[in-house]
Protein chains: 2
Amino acid sequence: MQGWEAVRAEVLRRIRARDWAPGALIPGEEALAVEFGVARATVNRALTALAEAGVIQRKKRAGTRVAELPVRRARLEIPVIRLDVLGRGLPYDFKLLADRLALAPVPVAARLGLPEGQPLHYLETLHLAGGRPFVLETRWLNPAVLPSPPPDFAAISVNEWLVTHVSLVSGDIAFLAEPASAREAEVMGVAPGTALLVAERTTHGTAGSVTLVRLAHAPGHRVMMTF
Amino acid sequence: MQGWEAVRAEVLRRIRARDWAPGALIPGEEALAVEFGVARATVNRALTALAEAGVIQRKKRAGTRVAELPVRRARLEIPVIRLDVLGRGLPYDFKLLADRLALAPVPVAARLGLPEGQPLHYLETLHLAGGRPFVLETRWLNPAVLPSPPPDFAAISVNEWLVTHVSLVSGDIAFLAEPASAREAEVMGVAPGTALLVAERTTHGTAGSVTLVRLAHAPGHRVMMTF
DNA sequence: ACTTGCATTATGTCTAGACATATTAGCCAA
DNA sequence: TTGGCTAATATGTCTAGACATAATGCAAGT
């Protein structure tokens, strides 16, 4: 290995070996460039990568110091459900259970940052893997920010239409565990109260809040991430 | 805005506006550099950032193309539990419930990639937020890869000692929902069968597998991520 | 003692040019 | 037709030098 990756590796080694302790200031880019016999830009590339990884913290004028508690970051690749199912080697299908305009309940409107009493598009989709319930998706869509003619959601899943036709800018996702409600139990064919992994997602586009989704996963479902 | 961030923004805008459709080849760095009136290195910086974000895919000789299904990535910052609790404005404490050597059960050994019948360090810690159970941590540690004298885990939490004293290289984390076992119910003061959010984490260091942790969170706990 | 302003300095970014490397298309030979 | 070589090409990286920007700490003035 050579080049900026070599610099990154060596700096990382010294931090792990505690040559440079947590919280300590490390030599400046210029000094490291001289020591390693490379240009400053190369050192900069290496340190920028380490800073993105959370290993060091950099501030102009103040210099670079080793992070006190190295924050570990894991990346979640949010899959399109269809591909998630196919990736497990199972045939995919879905059923549209509800598709109507409805007034948003207060907590929904609040989460989307919309005024109360606004009519939203409500969709309920049951995703199937190998014919068995996989995920129950309940979704509120803000029609105001969508391209005018919504397609037939019985033909293409909402999710896939959204990611390819709407500019999604930012959002957040939360995982929690909840007992299956009566409706969930019925639709998914499990006992009421069964522990379900639930993902709640809000998504914002350039024109405002787009959608609030709740995904209730079948028992035993695992969401995996690596770091 | 100007510089490489301006280039990134403009390229992103064109992709979102479908000037450049998913799967399509976009102009080369040289061409973009001329168009934007910047050096090729600046375009490279912008495109590298977009590639890291998953918006485009780059290959030498083959060029740069817009990702087919824009994979949405969310980042999870795995907190040290103490800081997580303090960040919620609650006092933190923990109790060490178990600290012994024990033979690893087969599934544990398998997940760590170790031979069966190996003695591992078993630790059980109850993390408290404001005096109430927050997380029950059950952990298997591989003593073979640790710095020789392990500290007194009743004084410093295992997690914090690990992140500051062991080179953690890679790992994975899975979230799932499970009903509380009898022991979990007793220790955490909830009814057996309550839906709990469980995180299972394996971590590997340079010298091999380090640890397997199971974190059972108190009811209502949410793991939040943004993208 | 307190505030304001300025010089200092480390990181952040840019440029122009160069070489490295991976990958592909096309060609040629078996 | 198939397999392997080759040349072309787009991205990847490096260099040396320059200017930009943000913090910091000191100095000066109130």
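The shown structure was predicted, so the numbers you read here are calculated from the model rather than taken from an experiment. Note on naming: letters A, B, ... go to the chains in the order of the sequence lines (proteins, then strands), and numbering restarts at 1 for each one.
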Let me know the distance between NZ of A/Lys60 and P of D/dG25, rounded to the nearest Å. 18 Å
Taken to the nearest whole Å, CZ/A/Arg58 to P/C/dA10 is 12 Å
Could you check how far CD of A/Glu30 sits from P of C/dG12, rounded to whole Å? 14 Å
Expressed as a whole number of angstroms, how long is the span from A/Arg65:CZ to D/dT24:C1'? 12 Å
Below the 4.0 Å mark, does D/dC14 have OP1 or OP2 next to a side-chain nitrogen or oxygen of A/Arg45? no
Choose from C/dC14, C/dT24, D/dT24 the nucleotide whose nearest atom is closest to any side-chain atom of B/Lys59. C/dT24
Listed nucleotide nearest any side-chain atom of B/Ala39, set D/dG12, C/dA16, D/dT24: C/dA16
note: A/Gln57, atom CD; D/dA23, atom C1'; distance rounded to Å ~ 16 Å
Quick one: is B/Thr64 getting a side-chain N or O under 4.0 Å of the D/dT11 phosphate, OP1 or OP2? yes
If you look at every heavy atom in B/Gly23 and B/Arg65, which pair is closest and at what distance? O-NH1, 2.6 Å
Between A/Ala41 and A/Arg61, whichever has its closest DNA chain C nucleotide further toward 5' is A/Arg61
Between D/dG12, C/dT13, C/dT15, spot the one nearest the side chain of B/Asn44, thanks. D/dG12
Donor on one side chain, acceptor on other, A/Thr125 and A/Arg139, under 3.5 Å: no
Go through the steps to decide whether A/Leu32 and A/Val38 satisfy the test side chain to side chain contact (heavy atoms under 4.5 Å, CB included), and finish with yes or no. CA-CA 8 Å; A/Leu32 291 175; A/Val38 299; over 6 Å; no
Mind running side chain to side chain contact (heavy atoms under 4.5 Å, CB included) on B/Leu215 and B/Leu197 for me, showing each step along the way? CA-CA 8 Å; B/Leu215 299 172; B/Leu197 181 64; over 6 Å; no
Sugar-phosphate only, base, or nothing, as touched by B/Arg40 at under 4.0 Å among non-hydrogen atoms: base
Just how far, in rounded Å, is C1' of C/dT13 from CZ of B/Arg8? 14 Å
Indicate whether OP1 or OP2 belonging to D/dT15 is found under 4.0 Å from a side-chain N or O atom of A/Thr42. yes
Could you give me the CA-CA distance, side-chain angles and deciding distance for A/Glu137 and A/Val158, then say whether side chain to side chain contact (heavy atoms under 4.5 Å, CB included) is met? CA-CA 10 Å; A/Glu137 169 187 325; A/Val158 202; 4.0 Å; yes
Write down the distance between CD1 (B/Ile56) and C1' (D/dT11), rounded to a whole number of angstrom. 11 Å
Report the distance from atom CD of A/Glu29 to atom P of D/dT15, rounded to the nearest whole Å. 13 Å
